[in-house]
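Quick notes on the structure that follows.
Side-chain atoms are counted along with the backbone in the values below, which use heavy atoms only and exclude waters and symmetry mates. In listed order, ligands and their atoms are each counted from 1.
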Amino acid sequence: MSTSAEDRSALLAIAVDIAREAGRVAAEGQAGIDVLDTKSTPTDVVTEMDRAVEELIRERVLARRPDDSVLGEEGADETGSSGVRWIVDPIDGTVNYLYGREDWAVCIAVEAEGRTVAGVVAAPVRGDLYTATLGGGAYCNGERLAVAPPVPLDMALVATGFGYSARRRAQQAEVLRTVLPRVRDIRRGGSAAVDLCGVARGRTNAYYERGLNPWDWGAAALIAQEAGARVGGLHGAPPNPDLTIAAPPGLFEELHDLLAGLGADTDGPEGG
Ligand code: LIP
């Protein structure tokens, strides 16, 4: 389905309604939350709220748009006929959520013709609601977002994150060993979506991470892009699980070239 600016705004309005409700429910459930299950490793956790919030979002989307598809981190995989797909991360930053920390977010991206056309990242404990539509700009709580003014790599504050497997982390530490002395400093916030929104808001200059999934970057990559960042993988690829980089043009290329040379898109010589 091809979308007009009005269609995108209408889809965003639905996403915002649902993300606000989901964020409220998740925030109310944070105190005293415990681990319900684990995924790829014992530290890759799922809480009852990850599942309940994803189910709430799935139900709300399909109640309003029954012919759409829904893909979610916790397993939602509904295929509809409309050509519109909702990509959902009920709680990005689950470990922060588990530890009573502030930086976690409900993320909803809306895709049409294979492109993200609207996205919302709700970080309710921070009181931040980030939104964007394709071609329509990015906002936080209604205020227009713009990336920080350009800086060279050695003056850049760079956010990153780490995967859950020990092998991947060993390689990420190797990469960081070279990156850290070449930048202003590093931040590890614990939510990829909040990190990408941080670039959009000028609170960091750049962000990179290996191992993200479409629900981690979907909404937030559009927000970063609409705020003026370039968001992509290596060698012209779109954001992908091998590597996602976000930074204003110029800094993006500098960081890209450093990371490409370090094998930041691999798990090291033996890890592939
Ligand atoms: C997490 C990210 C975090 C990243 C982790 C993980 P989850 O998402 O947002 O920043 O480093 O690898 O992907 O598992 O909390 O939804």
| field | Ligand-side contact atoms (ligand 1) for residue partner Asp92, heavy atom cut-off under 4.0 Å | value | 1 (C), 2 (C), 7 (P), 8 (O), 9 (O), 15 (O), 16 (O)

| query | Under 4.0 angstrom from ligand 1, any heavy atom of Asn96? | reply | no

| query | Does a salt bridge link Asp242 with Arg210, judged by any charged N lying under 4.0 Å from a carboxylate O? | reply | yes

| Interfacing atoms of ligand 1 (cut-off 4.0 Å, heavy-atom, Asp216) | 8 (O)

| Does Thr94 reach ligand 1 with a nitrogen or oxygen that is under 3.5 Å from one of the ligand's nitrogen or oxygen atoms? | yes

| message | Just to check, does Tyr164 reach to within less than 4.0 Å of ligand 1 when the distance is taken from its heavy atoms? | response | yes

| request: Around atom 11 (O) of ligand 1, find the nearest protein heavy atom and jot down its residue, atom name and distance. | output: Glu209 OE2, 2.5 Å

| message | Taking atom CD as the centre, does Glu59 end up with more than 12 heavy-atom neighbours from other residues, nucleotides or ligands that are less than 6.0 angstrom away? | response | yes

| request: Return yes if a side-chain donor-acceptor contact under 3.5 Å exists between Asp44 and Ser40, otherwise no. | output: yes

| If you measure every N/O of Gly93 against every N/O of ligand 1, is any gap under 3.5 Å? | yes

| message | Any salt bridge linking Arg187 with Asp195? Criterion: basic side-chain nitrogen under 4.0 Å from a carboxylate oxygen. | response | no

| note | Contacts of Tyr97 meeting ring pair (Phe, Tyr, Trp, His ring centres under 6.0 Å) (sequence neighbours excluded), chain-then-number -> Trp104

| Does the distance from a Lys or Arg side-chain N to an Asp or Glu carboxylate O, for Arg177 and Glu174, drop under 4.0 Å? | yes

| message | Once you restrict to heavy atoms under 4.0 Å, what part of Asp89 touches ligand 1? Side chain, backbone, both or neither. | response | side chain

| said: Give the atom numbers and elements of ligand 1 that come within less than 4.0 Å of a heavy atom of Ser191. | reply: 9 (O), 10 (O)

| What's the shortest distance from atom 16 (O) of ligand 1 to any protein heavy atom, and which residue and atom give it? | Glu73 OE1, 3.1 Å

| request: Give every residue pair that meets the salt bridge (Lys or Arg N to Asp or Glu O under 4.0 Å) criterion with at least one member in residues 216-230, sequence neighbours excluded. | output: Arg230-Glu253

| said: Could you tell me if the side chain of Arg169 sits less than 4.5 Å from the side chain of Gln172, heavy atoms only? | reply: yes

| task | Tell me, please: is Arg188 in heavy-atom contact with ligand 1, that is, under 4.0 Å? | result | yes

| Close side-chain approach of Val88 and Arg58, heavy atoms under 4.5 Å | no

| query | Under a heavy-atom criterion of less than 4.0 Å, does Gly211 contact ligand 1? | reply | no

| query | Can you tell which of Trp217, Trp215, Phe162 gets a heavy atom nearest to atom 5 (C) of ligand 1? | reply | Phe162

| field | Short N or O distance, Gly161 and ligand 1, threshold 3.5 Å exclusive | value | no

| said: One pair to check against side chain to side chain contact (heavy atoms under 4.5 Å, CB included): Ile108 and Trp215. What are the steps and the verdict? | reply: CA-CA 8 Å; Ile108 304 178; Trp215 43 80; over 6 Å; no

| remark: For Ile91, the atoms of ligand 1 under 4.0 Å from one of its heavy atoms are 16 (O)

